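Structure record follows, encoded as structure tokens.
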Amino acid sequence: MLPIHHIYPKLAQPGKVVITTHQKPDPDALGSSLALSQVLKALGHTVTVISPTNWAAFLDWMPGAEDVLNFEITREKSTTIINQADWIFCLDFNTLSRTKSLAPIIEQATPAKVLIDHHQQPAVESFDFGISDTTKSSTCEMIYDFILDAGLDAHLTVDVAACLYAGLIGDTGSFRFPAANANVHKMAAGLKATGLKHTKVHEYIYDNFMESRLRFIGHVLTNRMEVYYEFNAALIYVTKNDLLRYDIKTGDTEGLVNYPLSIGGIKMAAICIDRDEERKWSFRSKGNVDVNTFARRFFEGGGHFNAAGGRSSASLEDTVKTFKKVLKENASEFQLI
Ligand code: 5GP
Ligand code: MN
């Protein structure tokens, strides 16, 4: 993988660009994709953003979201566009498997592949050019840097700023996680200078749900949360029936994993959701508890030091049993006790 600056001169020539990101894109994934899309369009490129799956409705306000292709329902069209492209930008993921059924299409595609990502242990062999920087708060911060480094400041519009701000608050927990360093706050100031209405972005993302989602949270916190004080950890599990009963949609479970961390002394929180095709895990931690390694070792996943995800093909009951077992056996290695 060659450093990203090698592509700057090449981008002067308008071409066909595909931008993709991880499945079930979050504010950082979709925000970075749509911000980059707007900038490259302004340079004369023909740009298509392809998401491997659907996304949360609370992201639909993002400028350009209406034109994003959902690969699962546009397989033929998306595959043709990918095969005819000059460039594929891969944002906010470190391994192609994060794009689910899109992965084999990207793997075989001939366009130059560019990675822009901040997750740990990237599969750099899959990409021709790129930048992987785990010290960055978000892929949106990396797109902001890219815009400034490539001398494209003139294209930092208020619409681009809104997309970037969404990813910045998403991945820094609204500026509270350790990654929210001085550069992050400088970036926020740079975005505000475009005329960005930041309160609107917070409202779109955090204050735009259905009543049923709040009732669902009440239900799972009351009936599906287990706290293991002896290991300073907590678990929430969500059954298929819970999802059906409260009509839970993509994005409605986002952030739920953080609730147990608000209990004093709890250093790690996990959530397991029984989705149709797999059991999806999310892990969050405080301080020196490395959930990237935990997810990688026990649940086929990865991510960041304090925020990671994983999966399991086992039943909900069995994967939860595995969690409790590995928690007990590895609590001291993971500095939980
Ligand atoms: P979330 O729990 O919000 O889905 O994900 C937390 C972080 O871990 C995100 O940065 C996400 O991209 C990453 N992540 C989530 N699931 C997986 C996974 O299955 N594999 C890997 N490598 N990373 C994941
Ligand atoms: Mn991210």
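In this chain, residues are counted from 1 in sequence order. Whatever order the structure lists ligands and atoms in, that order sets their numbers, starting from 1. Just so it is clear, the model here is predicted, and its values are computed rather than measured.
Remark: Lys328 does not engage Glu230 in a salt bridge, criterion side-chain N to carboxylate O under 4.0 Å. Under 4.0 Å is where a charged nitrogen must lie from a carboxylate oxygen, and between Asp274 and Arg279 at least one such pair does. Salt bridge status for Lys100 with Glu277: absent, with no side-chain N to carboxylate O gap under 4.0 Å. Comment: Asp242 does not engage Lys240 in a salt bridge, judged by the lack of any side-chain N to carboxylate O separation of less than 4.0 angstrom. A salt bridge is absent between Asp117 and Lys136; no separation between the charged side-chain nitrogens and carboxylate oxygens falls under 4.0 Å.
Within the 4.0 Å heavy-atom shell around ligand 1 one finds Arg284.
Less than 4.0 angstrom separates some heavy atom of Ala308 from each of these atoms of ligand 1: 2 (O), 6 (C), 7 (C), 8 (O). Every atom of ligand 1 is numbered from 1 in the order shown, and the set under 4.0 Å from a heavy atom of Gly303 is 8 (O), 13 (C), 23 (N). In the vicinity of Gly310, heavy-atom distances shorter than 4.0 Å reach the ligand 1 atoms 16 (N), 19 (O).
Of all N/O/S atoms in Asp171, OD2 sits nearest the Mn ion (ligand 2). The atom name of the N/O/S atom in His118 closest to the Mn ion (ligand 2) is NE2. Taking the Mn ion (ligand 2) as reference, the nearest N/O/S atom within Asp92 carries the name OD1.
Atom 19 (O) of ligand 1 has as its closest protein heavy atom Lys280 NZ, 3.3 Å. Closest to atom 4 (O) of ligand 1, if we only count protein heavy atoms, is Ser282 OG, 3.7 Å. Of the protein's non-hydrogen atoms, Gly302 O, 3.3 Å is the one closest to atom 24 (C) of ligand 1. Among all non-hydrogen protein atoms, the one lying nearest atom 7 (C) of ligand 1 is Ala307 O, 3.6 Å. Of the protein's non-hydrogen atoms, Gly309 O, 3.6 Å is the one closest to atom 18 (C) of ligand 1. Here the protein heavy atom with the shortest distance to atom 10 (O) of ligand 1 is His119 NE2, 2.5 Å.
Taking the six-membered ring where the residue is Trp, the centroids of Phe146 and Tyr8 are separated by under 6.0 Å. Taking the six-membered ring for Trp and the full ring otherwise, Phe177 and His304 have centroids separated by 6.0 Å or more. Taking the centre of each ring, Phe93 and His119 stay at or above the 6.0 Å mark.
The distance from the Mn ion (ligand 2) to the nearest N/O/S atom of Asp28 is under 2.8 Å. Between the Mn ion (ligand 2) and Asp117 there is no N/O/S contact shorter than 2.8 Å.
Tyr204 pairs in a ring pair (Phe, Tyr, Trp, His ring centres under 6.0 Å) with only one of the listed residues (Phe209, Trp61, Phe58), which is Trp61.
More than 12 heavy atoms of other residues, nucleotides or ligands shown are found within 6.0 angstrom of CD on Glu329. Within a 6.0 Å radius of CD in Glu66, more than 12 heavy atoms belonging to other residues, nucleotides or ligands are found.
At a heavy-atom distance under 4.0 Å, only side-chain atoms of Arg98, from C-beta outward, approach ligand 1. Here His304 has side-chain heavy atoms under 4.0 Å from ligand 1, and that is the only part of it that gets that close.
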